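Notes follow the structure.
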Amino acid sequence: MKLTSVFLVSLVLLIGCKAKENKEAASQDLIPYSIVKVFPHDKTAFTQGLVVEQGRLFESTGQYGTSWVAEVDIATGKQDKKVVLDKKYFGEGITVLNNKIYQLTWQTKIGFVYDLRTFEKIREFEYDREGWGITHNGSNLIVSDGTNHLYFLDTLTLKPVTILKVTDGDTPSEKLNELEFIDGFIYANQWQTNFILKIDPNNGKVVGRMDLTELAEKVFPLNPNADVLNGIAYEKKSKLLLITGKLWPAMVAVRFN
């Protein structure tokens with residue numbers, strides 16, 4: 001409780017300077033946001049995927065031997081319904097489409113599909129690259145592999161139908177990781193940075209970015225093992241964006257300004 005209180009105070013101070021920061025950085029295409037609420041997050045969860053569906057929060061984690069997919073109680077950060085992967089798999093991103101959970105693994109090039117209600121495994125599928133992040137646009141699954149490529153998959157064959165090259169100006173935007181599709185745009189955590197990139201799916205151009213450096217700097221002292229930013233989930237009804245990271249002790253709800 002004390003830890004959470006300290007974190008909340010830090011975030012209040014951060015909110016106070018956020019307006020000035022974003023005003024000064026407007027010319028850099030930074031996306032302004034406000035912090036709305038802080039939730040507890042399991043600091044042992046090496047977060048790889050985060051998604052809200054039907055008002056429920058789902059999370060996936062990585063690392064060999066401790067990878068899982070679970071429904072999470074946002075108020076407590078505790079996992080409820082849960083699937084633990086075999087120790088040979090390093091879990092990666094998840095998304096939910098048509099009442100199915102789709103999960104990637106890192107280097108084994110095998111993905112899993114689960115029933116959203118029962119968490120029973122429906123099928124496995126293969127791909128010929130590393131698995132990183134996954135989301136969807138309502139028609140196709142959208143997958144990242146750590147490069148500047150995004151792969152649009154057919155939901156039946158789970159094979160690529162389109163490959164999108166992501167660029168920032170003339171420079172390839174690599175290390176695209178956890179993904180979320182929000183109001184017609186793809187948002188991507190850029191691995192080993194504190195940025196979330198906003199990508200136009202029509203041409204692959206980066207059209208904006210969220211700089212979460214100050215937020216990350218408030219989190220790291222609260223858990224010496226805290227790792228990089230990784231986790232984006234959008235709740236359509238409230239228009240809140242949930243953000244967390246690997247081994248973070250908190251999940252932060254923000255709203256676009």
Side-chain angles (χ1 to χ4, degrees), residues 31 46-53 58-63 67 69 85 89-97 100-113 124-155 157-168 171-210 212 227-234 241-246:
I31 300 170
F46 200 75
T47 306
Q48 301 286 24
L50 201 66
V51 63
V52 174
E53 179 68 19
F58 300 89
E59 183 174 9
S60 62
T61 67
Q63 296 186 321
S67 295
V69 180
L85 274 63
Y89 296 114
F90 189 110
E92 286 286 345
I94 57 170
T95 194
V96 178
L97 178 62
K100 299 181 183 68
I101 302 172
Y102 294 83
Q103 181 189 27
L104 303 177
T105 61
W106 181 28
Q107 294 182 318
T108 40
K109 301 178 181 179
I110 294 176
F112 305 107
V113 184
E124 298 182 4
F125 61 98
E126 298 181 356
Y127 40 91
D128 57 4
R129 67 196 71 85
E130 289 186 354
W132 284 46
I134 183 170
T135 187
H136 68 84
N137 60 5
S139 301
N140 297 108
L141 298 172
I142 305 171
V143 174
S144 65
D145 66 350
T147 68
N148 73 315
H149 292 155
L150 294 176
Y151 302 84
F152 289 66
L153 309 186
D154 180 271
T155 55
T157 65
L158 297 176
K159 300 297 181 182
V161 293
T162 304
I163 300 176
L164 183 70
K165 293 183 179 180
V166 179
T167 57
D168 188 354
T171 305
S173 290
E174 300 183 337
K175 298 183 179 179
L176 302 178
N177 200 2
E178 226 277 278
L179 306 174
E180 185 79 352
F181 194 83
I182 305 171
D183 295 337
F185 291 92
I186 302 166
Y187 287 72
N189 275 125
Q190 191 170 35
W191 184 52
Q192 293 182 319
T193 78
N194 292 317
F195 290 105
I196 294 175
L197 305 182
K198 180 181 180 181
I199 302 163
D200 187 338
N202 297 304
N203 54 28
K205 298 293 185 183
V206 173
V207 296
R209 72 197 71 236
M210 298 178 69
L212 298 161
D227 207 320
V228 296
L229 177 79
N230 199 55
I232 319 170
Y234 185 64
L241 188 66
L242 297 175
I243 296 171
T244 192
K246 304 173 189 293

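All values derive from a computational prediction rather than experimental measurement.
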Side chain to side chain, [X] and [Y], heavy atoms closer than 4.5 Å:
X	Y	answer
Gln63	Phe90	yes
Leu241	Tyr187	no
Lys159	Asp154	no
Leu150	Val143	no
Tyr102	Leu141	yes
Thr167	Val206	no

Euclidean distance, [Y] [atom2] relative to [X] [atom1], rounded to 0.5 Å:
X	Y	atom1	atom2	answer
Ile142	His136	CD1	NE2	8.5 Å
Leu97	Asn137	CG	CG	8.5 Å
Asn202	Ile186	CG	CD1	9.0 Å
Thr105	Gln48	OG1	CD	11.0 Å
Arg209	Asn194	CZ	CG	13.0 Å
Phe125	Phe112	CZ	CZ	9.0 Å

Donor-acceptor contact below 3.5 Å, side chain [X] vs main chain [Y]:
X	Y	value
Thr147	His149	yes
Asn189	Gly231	yes
Asn140	Leu153	yes

Distance-minimising heavy-atom pair for [X] and [Y]:
X	Y	value
Leu197	Ser173	CD1-CB, 4.1 Å
Gly91	Leu85	CA-CD2, 4.1 Å
Glu174	Gln190	O-NE2, 3.1 Å
Leu229	Thr193	CB-O, 4.1 Å
Phe152	Pro201	CZ-CB, 4.4 Å

Given Ile199 and Val207, is the side chain to side chain contact (heavy atoms under 4.5 Å, CB included) satisfied, shown in steps? CA-CA 6 Å; Ile199 302 163; Val207 296; over 6 Å; no

Taking only residues two or more places apart in sequence, or in another chain, which ones meet Phe195 in a ring-ring contact (aromatic ring centres under 6.0 Å, His included)?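 Partners of Phe195 by the ring-ring contact (aromatic ring centres under 6.0 Å, His included) criterion come out as none, since no residue qualifies.
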
Residues at least two apart in sequence or cross-chain that pass ring-ring contact (aromatic ring centres under 6.0 Å, His included) with Phe46, listed by chain then number, are none

Between Thr47 and Glu59, is there a side-chain donor-acceptor contact under 3.5 Å, judged purely by atom types and distance?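 Per modelled atom types, Glu59 and Thr47 side chains form a pair under 3.5 Å.
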
For the residue pair Tyr151 and Tyr127, is the inter-centroid distance of their aromatic rings smaller than 6.0 Å?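 Aromatic pair excluded; centres sit 6.0 Å or further apart.
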
Output, in order, the C-alpha distance, side-chain angles, deciding distance and verdict of side chain to side chain contact (heavy atoms under 4.5 Å, CB included) for Leu242 and Val52. CA-CA 9 Å; Leu242 297 175; Val52 174; 3.9 Å; yes

Per-pair distances, 0.1 Å, donor-acceptor, side chain in residues 178-185, under 3.5 Å, sequence neighbours excluded:
unit_1 : atom_1 : unit_2 : atom_2 : d
Glu178 : OE1    : Ile232 : N      : 2.6
Glu180 : OE2    : Tyr234 : N      : 2.8

Could you give me the CA-CA distance, side-chain angles and deciding distance for Asn177 and Glu92, then say whether side chain to side chain contact (heavy atoms under 4.5 Å, CB included) is met? CA-CA 9 Å; Asn177 200 2; Glu92 286 286 345; 4.3 Å; yes

Salt bridge Asp168-Lys205, side-chain N to carboxylate O under 4.0 Å: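 Salt bridge flag = no for Lys205 with Asp168.
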
Might you work through the side chain to side chain contact (heavy atoms under 4.5 Å, CB included) test for Trp191 and Val228, ending with a clear yes or no? CA-CA 7 Å; Trp191 184 52; Val228 296; 3.8 Å; yes

